[in-house]
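A short worksheet on the structure shown next.
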Amino acid sequence: TTLFRSHANKFRRNIPTMAGVIGVVTIAVLTFVFNFDERTYLPLAALIGGAVVGLIDDVINLRSNGHGVAGLRSSIKFAMIVAIGLVLGWYFFTKIGIDTVQIPFLGAIAIGWLIVPLFAFVVTATANAVNISDGLDGLAGGLLAMSFAAFGVIALFQNQLILAGFCLTVIGALLSYLWFNIYPARFFMGDVGSFAYGVTLGVVAILTNSLLLLPVIGILFVIEAGSSLLQITSKRFFGKKLLLSAPIHHHLEAIGWPETKVTMRFWVIGCIAASFGVMLALAGGHIV
């Protein structure tokens, strides 16, 4: 009951959404003016591509005004994100010429053209995980800032200064957003923001050759998406719910945790995970 009252109150406050547009435009302009390089082609394309998908979804959602279909059908959104991932993966494989995956403590393993579908999978999974996590004031923005900070540090250690600069630009946009999004939020990033940042995070992880560190650094995104998947699977095959509400941040609210407690504790875990991911990169051979 407390959970439903909390979210009903947000609707009554009529909080503006689609604030992610501001961040995407700011990052794109600053990158084009000060940091445009062949090494920022992919993350910039990922940011804009994810934003376009989210923008279409948000616009349809707003125009429905609570009537009819709310936003794009999930299958269409999924297909659009997969298409973006395949195009970016093809560029990564054919133009940049990378077809290896770094295994911590073991070294790089060449997988050839399979890097393309892997790229698309990572981009799609990360975009959806971030979108699912965007349910509490300040939650997704804070976790994203920590994740980009971790990969920015890894890029810096790898002497990928252009990519590190891009990550810092994203962090700056996210912190500016968080200033107004922490509880009680004055606006939300919307799907235009969550998809843009999610797709970009997956691309940055691949560009730093830290793909397998992404589930570590973004462990809470994994847990959030996993909790929703488990809830759907349990309801479909067993006819009962595992959680009171999914994803897990709503379950914690339902058992009595205040929204701010959930957010702050997730931030603490996210900060620890990001730091641990950087240490794994240093010890596991990702810094050359």
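Only this structure's heavy atoms are used, side chains among them; waters, hydrogens and symmetry mates stay out. Residues: numbered from 1 along the sequence shown.
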Above 12 or not: heavy atoms from other molecules or residues under 6.0 Å from CZ of Phe187?
->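 Count over threshold, so yes.
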
For atom CZ of Phe36, decide whether the heavy atoms of other residues, nucleotides or ligands shown that lie under 6.0 angstrom number more than 12.
->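 More than 12 within 6.0 Å, yes.
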
Would you mind reporting whether [Y] and [X] have side-chain heavy atoms less than 4.5 Å apart?
X: Met80; Y: Ile56; value: yes
X: Phe166; Y: Thr200; value: yes
X: Phe221; Y: Thr126; value: no
X: Phe151; Y: Val170; value: no
X: Leu114; Y: Leu118; value: no
X: Glu224; Y: Leu139; value: yes
X: Leu62; Y: Thr17; value: yes
X: Val52; Y: Phe195; value: no

Not counting sequence neighbours, which residues clear side-chain hydrogen bond (donor to acceptor under 3.5 Å, both in side chains) with Ser210? List them please.
->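 Ser210: side-chain hydrogen bond (donor to acceptor under 3.5 Å, both in side chains) contacts with Thr208.
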
Residue list, side-chain hydrogen bond (donor to acceptor under 3.5 Å, both in side chains) with Asn131, at least two apart or on another chain |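 Asp191, Ser194.
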
To the closest 0.5 Å, what do you measure between [atom1] ([X]) and [atom2] ([Y])?
X: Cys271; Y: Ile269; atom1: SG; atom2: CD1; answer: 11.5 Å
X: Tyr177; Y: Tyr197; atom1: OH; atom2: OH; answer: 8.5 Å
X: Met264; Y: Thr260; atom1: CE; atom2: OG1; answer: 8.5 Å
X: Ser245; Y: Ile255; atom1: OG; atom2: CD1; answer: 11.5 Å
X: Leu175; Y: Phe148; atom1: CG; atom2: CZ; answer: 12.0 Å
X: Ile84; Y: Ile81; atom1: CD1; atom2: CD1; answer: 4.5 Å

Could you work out the complete set of other residues in the hydrophobic cluster of Leu156, with links drawn between I, L, V, M, F, W and Y side chains under 4.5 Å apart?
->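 For the cluster that includes Leu156, the remaining residues are Leu161.
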
Connected-component partners of Ile272 among ILVMFWY, side-chain separation under 4.5 Å |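 Val268, which link up through side-chain heavy atoms under 4.5 Å apart, make up the rest of the cluster.
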
Shortest non-hydrogen contact from [X] to [Y]?
X: Val203; Y: Ala46; value: CG2-CB, 3.6 Å
X: Asp57; Y: Lys77; value: OD2-NZ, 3.4 Å
X: Ala274; Y: Met146; value: CB-O, 3.7 Å
X: Val116; Y: Phe93; value: CG2-CB, 3.8 Å
X: Val82; Y: Ala120; value: O-CB, 4.1 Å
X: Ala45; Y: Leu88; value: CB-CD2, 3.8 Å

By side-chain contact (heavy atoms from CB on, under 4.5 Å) - contacts of Ala281 (at least two apart) | Ile154, Leu213, His286, Ile287

Under the side-chain contact (heavy atoms from CB on, under 4.5 Å) test, which residues partner Gln231, sequence neighbours left out?
->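 For Gln231 the side-chain contact (heavy atoms from CB on, under 4.5 Å) partners, ignoring immediate neighbours, are Lys235, Lys241, Leu242, Leu243, Ala246.
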
Let me check something: any side-chain donor-acceptor pairs from residues 99-106 under 3.5 Å, sequence neighbours excluded? List them with distances.
unit_1: Gln102; atom_1: NE2; unit_2: Gly285; atom_2: O; d: 3.3

Tell me, please, which residues at least two apart from [X] pass ring-ring contact (aromatic ring centres under 6.0 Å, His included).
X: Phe276; result: none
X: Tyr91; result: none
X: Phe92; result: Phe119

For residues 36-45, which residue pairs qualify under salt bridge (Lys or Arg N to Asp or Glu O under 4.0 Å), counting only residues two or more places apart or in two chains?
-> Asp37-Arg39

When hydrophobic residues are tied together by side-chain contacts of less than 4.5 Å, even through go-betweens, does [X] share a cluster with [Y]?
X: Val199; Y: Leu44; value: yes
X: Ile115; Y: Leu214; value: yes
X: Ile48; Y: Val87; value: no
X: Val130; Y: Ile171; value: yes
X: Phe78; Y: Ile232; value: no

CA sep, side-chain torsions, deciding dist, call: Asn181, Met189, side chain to side chain contact (heavy atoms under 4.5 Å, CB included) | CA-CA 9 Å; Asn181 183 245; Met189 70 169 66; over 6 Å; no

Candidate pair Glu253 and Leu136, rule side chain to side chain contact (heavy atoms under 4.5 Å, CB included), full reasoning = CA-CA 10 Å; Glu253 279 190 290; Leu136 299 181; 3.2 Å; yes

Validation: residues 18-34 side-chain donor-acceptor distances under 3.5 Å, sequence neighbours left out:
unit_1: Thr26; atom_1: OG1; unit_2: Ile22; atom_2: O; d: 2.7
unit_1: Thr31; atom_1: OG1; unit_2: Ile27; atom_2: O; d: 2.7

Expected output: side-chain Asp134 to main-chain Ala140 donor-acceptor under 3.5 Å |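 Answer holds: no.
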
Within the distance-only criterion (no hydrogens, no angle test), does the side chain of Gln160 pair as donor or acceptor with the backbone N or O of Leu207 below 3.5 angstrom?
->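 Looks like yes, one N/O pair under 3.5 Å.
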
